[in-house]
Amino acid sequence: MATAEKPVMVVGIDESDHSSYALQWTLDRFFASYAPNFPFKLILVHAKPTPTSAVGLAGPGAAEVLPFVDSDLRRIAARVVEKAKEVCE
């Protein structure tokens with residue numbers, strides 16, 4: 001006998017207040033304690049931009065800047081994920 005898969009909720013997250021609101025709204029509506037057996041799976045999506053797209057530069061000297069930009073983007077992504085985890089808890 002096959003069991004039905006839970007429906008999936010996908011929420012895009014970033015650093016914005018709108019993103020935090022969307023995540024909180026989703027949790028309040030679909031994952032509230034009154035919802036029977038948590039009927040949904042939650043998938044959070046954060047798309048970290050590439051260093052070149054974040055900076056938008058090319059040419060001489062770009063290669064030296066990109067590792068620093070990438071490091072900053074990784075820190076931002078980690079902060080976004082950590083904030084989402086806190087909201088979900």
Side-chain angles (χ1 to χ4, degrees):
M1 180 183 281
T3 59
E5 286 287 322
K6 290 183 179 182
V8 176
M9 279 295 184
V10 179
V11 178
I13 57 173
D14 61 17
E15 292 183 286
S16 71
D17 290 337
H18 299 293
S19 170
S20 295
Y21 177 81
L23 176 57
Q24 189 62 58
W25 186 92
T26 302
L27 293 171
D28 290 345
R29 301 306 183 282
F30 298 100
F31 295 90
S33 60
Y34 60 83
N37 301 319
F38 295 97
F40 295 92
K41 289 182 183 180
L42 178 63
I43 297 175
L44 301 178
V45 178
H46 177 264
K48 181 180 83 61
T50 63
T52 53
S53 68
V55 175
L57 64 91
E64 289 113 29
V65 174
L66 295 180
F68 296 105
V69 174
D70 186 51
S71 176
D72 285 344
L73 292 172
R74 287 178 190 274
R75 272 195 298 276
I76 291 167
R79 189 171 53 235
V80 167
V81 170
E82 193 57 38
K83 183 177 178 183
K85 283 181 183 178
E86 290 172 7
V87 171
C88 288
E89 289 176 355

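Hydrogens, waters and symmetry mates play no part in the numbers below; they use all other heavy atoms, side chains included.
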Under 3.5 Å donor-acceptor, Ser71 side chain and Pro67 backbone: no
Considering all heavy atoms, the nearest Ile13-Ala84 contact: CD1-CB, 3.7 Å
If Ile, Leu, Val, Met, Phe, Trp and Tyr residues are connected whenever their side-chain heavy atoms lie under 4.5 Å apart, and connections chain through other members, are Tyr21 and Leu23 in the same group? yes
Closest heavy-atom pair and its distance - Cys88, Leu44: SG-CD1, 4.2 Å
Shortest non-hydrogen contact between Gly12 and Ser19, atoms and distance: O-OG, 3.5 Å
Does Leu73 share a hydrophobic cluster with Val65, counting links as ILVMFWY side-chain heavy atoms below 4.5 Å and allowing steps through other members? yes
In Å, rounded to the nearest 0.5 Å, how long is the span from NZ of Lys83 to CD of Glu86? 9.0 Å
Atom of Val87, atom of Gln24 and distance for their closest heavy-atom approach: CG1-OE1, 3.3 Å
Within the 4.5 Å heavy-atom criterion, are Met9 and Leu27 side-chain neighbours or not? no
Phe30-Val10 co-clustered via ILVMFWY side chain contacts under 4.5 Å: no
Check His46 against Val80 and note the closest heavy-atom contact, atom names and distance. CD2-CG1, 3.6 Å
